[in-house]
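Counting starts at 1 for both ligands and their atoms, following the listed order.
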Amino acid sequence: MTDKTATITLGDKSVESPILSGTVGPDVVDIRKFYGQTGAFTYDPGFTSTASCESKLTYIDGDEGVLLHRGYAIGELAEHSSFMEVAYLLLNGELPSADELKTFDNTITRHTMLHEQLATFYRGFRRDAHPMAIMCGVVGALSAFYHDSTDIQDPHQRMIASHRLIAKMPTIAAMAYKYSIGQPFIYPNNELSYTGNFLRMTFGVPAEEYEIVPAVERALDRIFILHADHEQNASTSTVRLAGSSGANPFACIAAGIACLWGPAHGGANEAALNMLREIGRPERIPEYIARAKDKDDPFRLMGFGHRVYKNYDPRATVMQKTVREVFAALKVSDPVFDVALQLEEMALSDDYFAEKKLFPNVDFYSGVILSAIGFPTTMFTALFALARTVGWVAQWNEMISDPAQKIGRPRQLYTGPAQRPYVPVDKR
Ligand code: ACO
């Protein structure tokens, strides 16, 4: 809170609105009393100028390309931390001690199994179902299996539900994949790390031992860190909005998964790799850049541009480096990486992208890595959902504990017909 105010004048009426300051970042004008004082609403479709809540989790400076979780820079976390440590940090506010991390890791590990009856639930889906369709359904169904952690007023139940969601998401995603290829489900193994376990559940088979490549395990863990949270993006806002009505956490996270699926959000990693494969050869890049610039063509460069970042997405920098590490560890290469590098170079030197401040985002390179590890494109968004569950759950907990929390209920600018008399069908 500051003692500054903003004066807003509507016709002959002037109102003073308090200006609130965060730790860093732009001030916000508190318009909570604005409608009561003026009888007018504010209009901001897409929330381009609207802060929907107060949060202590994640800070983004889009102009400078900065992303902090609880004050720690994403580059440092990606370099030195682990996904479990970042999960603890987001949920609890501080980095864990060695003992706290061990206990947290152990707790998550021991929640990775799914209720056995859920396996039959999978069999209700068609084999060609998109993994995100399965994720929406199965995560939503968790509330039917874990009644003992759906009382959102009980902090202990909220914590158990949070742990369950983070722990079970890799099992759910891996099972969605196994189901689609007709292989048996692989149960979790408590000896393995969170990410190693996920790799084994996805790529292992009961007939032989699955060997985890440490560099791949580390790369995937880093990808999870990069996707863990991103303040009030569309899916997180969806989780908060669903949760604001008092809905149970499993239902709220299922809502977040549904929102994430869209190609303008989490679905962009799948779309980006598909686009790079379609381009196929560096010679074809100018054609696609021309299409992206053409106002009459709906085509956009996928993995490019961001609502908040008007500079290089710091996550894309780490991703680009990780591609090289994974290629080296697996002794593979993919011509699509050269297409991506050259596309980035050409776009960044083009006036259209420079003027609109369009840079590669986290999704531009992630698909190249995931594909090298062996994931089909349809799994990309499911992996994003797995990692983002940590952020969703942390944001949901923060919202429920916030005394200023109210049910989310936006208003509208109504442009439909004013009241008119009903006309009987024979008179129309
Ligand atoms: N290719 C070509 N032009 C673009 C692109 C792009 N990828 N992104 C934005 N533009 C142009 C728009 O046409 C628009 O031009 P105009 O002002 O002449 O009309 C201008 O840049 C601003 O675009 P908006 O859509 O208004 O920006 P907004 O902030 O609403 O959208 C978004 C951001 C959705 C990410 C957009 O950049 C986009 O569609 N990118 C491709 C999809 C993508 O990569 N999504 C992943 C986002 S990151 C994530 O969810 C993890």
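- Heavy atoms only, all atoms of each residue included: Ser49 and Asp44 are closest at N-OD2, 2.9 Å.
- Here the protein heavy atom with the shortest distance to atom 50 (O) of ligand 1 is His265 ND1, 3.0 Å.
- Looking at atom 41 (C) of ligand 1, its nearest protein heavy atom turns out to be Phe304 O, 3.4 Å.
- Each of Phe353, Phe359, Tyr288, Phe299 was compared with Phe304 under the ring pair (Phe, Tyr, Trp, His ring centres under 6.0 Å) criterion, and only Phe353 meets it.
- Those atoms of ligand 1 that come under 4.0 Å of a heavy atom in Ala268, given as number and element, are 43 (C), 44 (O), 45 (N), 46 (C).
- Summary of contacts: the protein heavy atom closest to atom 1 (N) of ligand 1 is Leu301 N, 3.1 Å.
- Among the atoms of Gly303, some N or O lies under 3.5 angstrom from an N or O of ligand 1.
- Distance check on atom 44 (O) of ligand 1: some protein heavy atom falls below the 4.0 Å cut-off.
- For the pair Lys356 and Tyr352, the cation-pi test (distance below 6.0 Å, angle within 45°) is passed.
- At distances below 3.5 Å, at least one donor-acceptor pair connects side-chain atoms of Thr171 with backbone N or O atoms of Thr112.
- By the 30° and 60° cut-offs, the orientation of the rings of His306 relative to Tyr309 is tilted.
- Relative orientation of the His111 and His163 rings is tilted, given thresholds of 30° and 60° on the angle between their planes.
- Distance from atom 10 (N) of ligand 1 to its nearest protein heavy atom, with residue and atom name: Leu358 CD1, 3.7 Å.
- The closest protein non-hydrogen atom to atom 11 (C) of ligand 1 is Tyr352 OH, 3.5 Å.
- Residue Phe104 is tested with Tyr194, Phe83, Tyr88 for a ring pair (Phe, Tyr, Trp, His ring centres under 6.0 Å); the sole match is Tyr88.
- Atoms of ligand 1 found under 4.0 Å from any heavy atom of Val362, numbered from 1 in the order shown, are 51 (C).
- From the protein, the heavy atom lying nearest to atom 48 (S) of ligand 1 is His306 CD2, 3.5 Å.
- Considering backbone and side-chain atoms together, Lys295 places an N or O closer than 3.5 Å to an N or O of ligand 1.
- The nearest non-hydrogen atom to atom 49 (C) of ligand 1, considering only Asp363, Asn361, Asp297, comes from Asp363.
- Inter-residue side-chain proximity for His69 and Ile74 is flagged as met; some heavy-atom pair is nearer than 4.5 Å.
- A perpendicular orientation is assigned to the rings of Phe145 and Phe121, their planes being inclined by more than 60° (bins at 30° and 60°).
- Using a 4.5 Å heavy-atom threshold, the side chains of Ile8 and Ser17 count as touching.
- Ring orientation note: the planes of His115 and Tyr146 are nearly perpendicular, at an angle over 60° on the 30°/60° scale.
- Ligand 1 places these atoms under 4.0 Å from at least one heavy atom of Phe384: 51 (C).
- Taking only nitrogen or oxygen atoms, main chain and side chain alike, Ala264 reaches within less than 3.5 Å of ligand 1.
- The protein atom (non-hydrogen) at minimum distance from atom 17 (O) of ligand 1 is Lys356 NZ, 3.7 Å.
- Residue nearest to atom 12 (C) of ligand 1, selected from Arg300, Met302, Arg307: Arg300 (by heavy-atom distance).
- Scanning the protein heavy atoms around atom 35 (C) of ligand 1, the nearest turns out to be Gly305 O, 3.7 Å.
- Counting protein heavy atoms under 4.0 angstrom from atom 3 (N) of ligand 1 gives one or more.
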